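A quick write-up on the structure given underneath.
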There are 2 protein chains.
Amino acid sequence: MTPATAAAPARDCELKIECSNCNLLELCLPIGFSTPELERLDSLVGTRRTVRQSGRLFRSGDPFVSVFAVRTGFFKTSATSGGGRHQVTGFQMAGELLGLDGISTGQHSCDAVALEDSQVCVIPYARLELLSREFADLQRQFHRILSREIVREHGVMLLLGSMRAEERLAAFLLNLSQRLRARGFSGSSLILRMTREEIGSYLGLKVETVSRAFSKLNDEGVLEVRQRQVRVLDELALRRLLDGA
Amino acid sequence: MTPATAAAPARDCELKIECSNCNLLELCLPIGFSTPELERLDSLVGTRRTVRQSGRLFRSGDPFVSVFAVRTGFFKTSATSGGGRHQVTGFQMAGELLGLDGISTGQHSCDAVALEDSQVCVIPYARLELLSREFADLQRQFHRILSREIVREHGVMLLLGSMRAEERLAAFLLNLSQRLRARGFSGSSLILRMTREEIGSYLGLKVETVSRAFSKLNDEGVLEVRQRQVRVLDELALRRLLDGA
DNA sequence: CGTTTGCTTGACAGCATTCAACGTTGGTGG
DNA sequence: CCACCAACGTTGAATGCTGTCAAGCAAACG
């Protein structure tokens with residue numbers, strides 16, 4: 001950092017890391033790109049931004065300028081309806097994109113809150129549009145990501161529409177577990193970054209119900225729950241909860 | 001049509017109608033395009049396809065080749081999970097796009113079934129990719145549509161996660177009403193194209209509960225329900241159901 | 001005209017919510 | 001260092017909404 005920028009907020013002090021030397025390559029926007037392609041992509045990411053725990057990356061109503069790729073940390077997004085109803089619509093971890101909802105109207109339609117100190121890559125949407133017009137692989141990958149989000153939400157609708165409390169929790173944990181594994185973490189021993197309330201909001205359940213479901217699975221020996229520290233003891237039993245009904 | 005193709009199935013016998021002279025311009029992919037732009041777009045739509053009532057446009061697992069724009073008629077899409085769970089994920093009417101889920105994996109992940117005799121424009125995805133690379137307005141519009149679908153599903157998640165039966169039905173009817181109005185139909189006198197079972201599946205409710213909710217709103221003078229013929233007598237009351245809780 | 005499919009209604013059971021109390025954890029300031 | 005507080009989490013009892021089961025009705029179809 002140069003002396004002249006010493007007073008700038010910490011978020012601008014990051015080392016320049018580009019897509020081509022990012023360790024999230026396998027998970028993020030540039031999946032499967034070759035090295036020369038990647039170098040053209042380096043101009044895509046404008047800046048980095050650090051968001052402290054419980055800080056907001058954007059909020060509903062903010063003008064949409066960029067999408068964000070989670071580099072480190074953990075986020076939740078939540079939507080609010082006219083009547084003041086509120087619901088967590090997703091949890092995002094490294095390599096996942098945030099802000100796609102804003103493309104629709106030019107304004108963000110949900111809030112994105114960091115559940116731990118986090119860092120994101122800022123991807124100006126105008127530049128993404130431009131680059132993906134001359135770069136078919138990028139275009140395709142971006143479309144895939146948008147489509148994947150649609151499919152993911154179909155899954156959530158299925159969960160909310162047809163599962164009981166324990167089944168919802170099982171689906172939630174299995175999903176989390178699988179995504180952690182894909183990032184090289186243990187899938188069986190996880191630390192939840194969100195409160196029971198946030199889990200409940202996401203799963204369409206009240207806190208007490210979430211807590212009870214945890215306790216039940218704990219008593220049955222499927223999980224070992226100690227606050228936010230969760231160990232999956234019997235993954236098969238979790239899966240059976242989904243398929244068996 | 002040339003004599004050589006006379007034996008082709010009826011679905012290929014449509015008159016050639018192009019985007020530039022389609023009456024769904026305001027609702028479909030080419031919103032806000034100018035005439036010269038539209039003419040370049042005419043090459044986008046490959047063919048038309050007719051789907052009879054309860055016929056399938058595509059089903060889960062089918063290779064993804066095209067997206068479809070509803071020209072006339074009415075569709076439902078439904079997703080099935082591993083455990084055999086089944087849920088209607090949406091209803092589509094004129095001007096709305098079908099098949100966006102397939103971009104993600106190259107295979108469709110839900111079924112699309114016509115709820116009445118319908119006709120769709122077949123939009124080969126490869127051509128859409130190509131054209132939207134050289135045609136920024138098309139690119140932007142397509143992204144908007146994908147994003148809008150994400151936002152729509154946020155709304156459904158909110159509905160499924162936090163509303164009670166009557167409120168869900170109210171939200172459903174208001175949404176239907178608004179979309180019909182946008183197409184020049186009455187928003188207060190509507191004929192449902194789907195069964196109670198399909199409504200229930202979409203709203204995460206059993207048939208009996210849907211029926212009871214209809215009856216209750218009918219008895220309260222909010223609706224006039226005669227089978228699938230529904231008249232909205234007190235739209236404000238419907239809205240209050242959403243905001244008031 | 002009979003059969004099938006869809007719709008409605010009633011009685012009852014079950015699961016999640018609500019309300020309330022208590023336990024735990026982590027941060028703050030005395 | 002400890003006490004206190006606030007936020008989070010757990011558990012119990014009672015209520016209520018929705019699901020389930022069952023029966024009857026209405027409309028569509030051949």
Side-chain angles (χ1 to χ4, degrees), chain A residues 52-54 76 85-88 113 115-117 159-173 190-220 223-230 241 244-245, chain B residues 52-54 74 76 85-88 113 115-117 159-173 190-220 223-231 241 244-245:
Chain A
R52 296 253 160 263
Q53 182 162 32
S54 58
K76 70 167 177 182
R85 270 179 240 269
H86 201 263
Q87 176 145 5
V88 172
V113 177
L115 296 184
E116 62 183 23
D117 290 356
L159 180 151
L160 291 171
S162 71
M163 293 188 189
R164 293 169 326 127
E166 260 178 80
E167 300 166 345
R168 295 186 198 191
L169 186 58
F172 170 71
L173 289 173
L190 38 131
I191 295 177
L192 302 175
R193 297 275 128 88
M194 67 293 280
T195 66
R196 300 286 194 265
E197 174 117 23
E198 287 160 339
I199 296 174
S201 174
Y202 181 61
L203 298 178
L205 301 170
K206 297 296 169 189
V207 198
E208 296 93 328
T209 308
V210 174
S211 183
R212 275 186 251 272
F214 268 119
S215 297
K216 180 132 182 283
L217 292 175
N218 181 69
D219 296 348
E220 292 172 351
L223 302 177
E224 184 183 294
V225 185
R226 284 224 319 262
Q227 304 293 127
R228 300 199 184 179
Q229 171 84 253
V230 175
L241 267 179
Chain B
R52 296 254 160 261
Q53 181 162 31
S54 56
F74 203 89
K76 69 168 177 182
R85 272 177 237 269
H86 200 262
Q87 178 146 6
V88 172
V113 177
L115 296 183
E116 61 183 27
D117 291 355
L159 179 152
L160 291 171
S162 70
M163 293 187 188
R164 295 171 323 132
E166 260 178 79
E167 300 167 344
R168 297 186 196 190
L169 186 59
F172 170 71
L173 290 172
L190 37 131
I191 295 176
L192 302 175
R193 296 275 126 88
M194 68 294 281
T195 66
R196 299 286 193 264
E197 174 117 24
E198 286 159 341
I199 296 174
S201 173
Y202 181 61
L203 298 179
L205 301 170
K206 296 296 169 187
V207 198
E208 294 94 328
T209 307
V210 174
S211 183
R212 275 187 252 272
F214 266 120
S215 296
K216 180 131 182 284
L217 292 175
N218 181 70
D219 295 349
E220 292 171 350
L223 301 177
E224 185 182 294
V225 185
R226 282 225 318 263
Q227 305 291 127
R228 301 200 183 176
Q229 170 85 251
V230 175
R231 184 180 293 271
L241 267 179

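Every value quoted in this text rests on a predicted model; they were computed, and no experiment measured them. A note on names: the letters A, B, ... follow the listed sequences, proteins ahead of strands, and every chain is numbered from 1.
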Could you state the atom-to-atom distance from [atom1] of [X] to [atom2] of [N] in whole Å?
X         : N       : atom1 : atom2 : value
Arg212(A) : dG23(C) : CZ    : P     : 17 Å
Arg85(B)  : dG19(D) : CZ    : P     : 14 Å
Asp219(A) : dG12(D) : CG    : C1'   : 15 Å
Met163(A) : dG14(C) : CE    : P     : 23 Å
Glu208(B) : dC12(C) : CD    : C1'   : 13 Å
Lys216(A) : dG12(D) : NZ    : C1'   : 17 Å
Leu169(B) : dT8(C)  : CG    : C1'   : 15 Å
Lys206(B) : dT9(C)  : NZ    : C1'   : 18 Å

Under 4.0 Å: is that the gap between some side-chain N or O of [X] and OP1 or OP2 of [N]?
X         : N       : result
Ser215(B) : dT9(C)  : yes
Arg196(B) : dT8(C)  : yes
Thr209(A) : dT17(C) : yes
Arg228(B) : dC7(C)  : yes

Enter the inter-axis angle for the ends of the helix from dC1(C)-dG30(D) to dG30(C)-dC1(D) (five pairs per end, rounded to 10°). 40°

Sub-3.5 Å donor-acceptor pair from the side chain of [X] to the main-chain atoms of [Y], do we have one?
X         : Y         : answer
Gln229(A) : Arg226(A) : no
Arg196(A) : Val207(A) : no
Ser201(B) : Glu197(B) : no
Arg193(B) : Phe74(B)  : no

Ser211(A) near the nucleic acid: base, sugar-phosphate alone, or nothing, with a heavy-atom cut-off under 4.0 Å? base

If you look at every strand shown and take non-hydrogen atoms under 4.0 Å, does Gly204(A) touch a base, only sugar-phosphate, or nothing? sugar-phosphate

With heavy-atom distances below 4.5 Å as the criterion, would you say the side chains of [X] and [Y] are in contact?
X         : Y         : answer
Glu166(B) : Lys216(B) : yes
Leu217(A) : Leu241(A) : yes
Leu160(B) : Gln87(B)  : yes
Gln227(B) : Leu192(B) : no

Of Val225(B) and Val210(A), the one whose nearest nucleotide on DNA chain C sits closer to the 5' end is Val225(B)

In short, Glu198(B) meets Thr195(B) closest at the heavy-atom pair OE1-N, 2.9 Å

Which atom pair, heavy atoms only, marks the closest approach of Val210(A) to Gly200(A)? CG2-CA, 3.5 Å

Can you build the contact string for nucleotides 24-30 of chain D? Use B for base contact, S for sugar-phosphate-only contact, and - for no protein heavy atom under 4.0 Å. -------

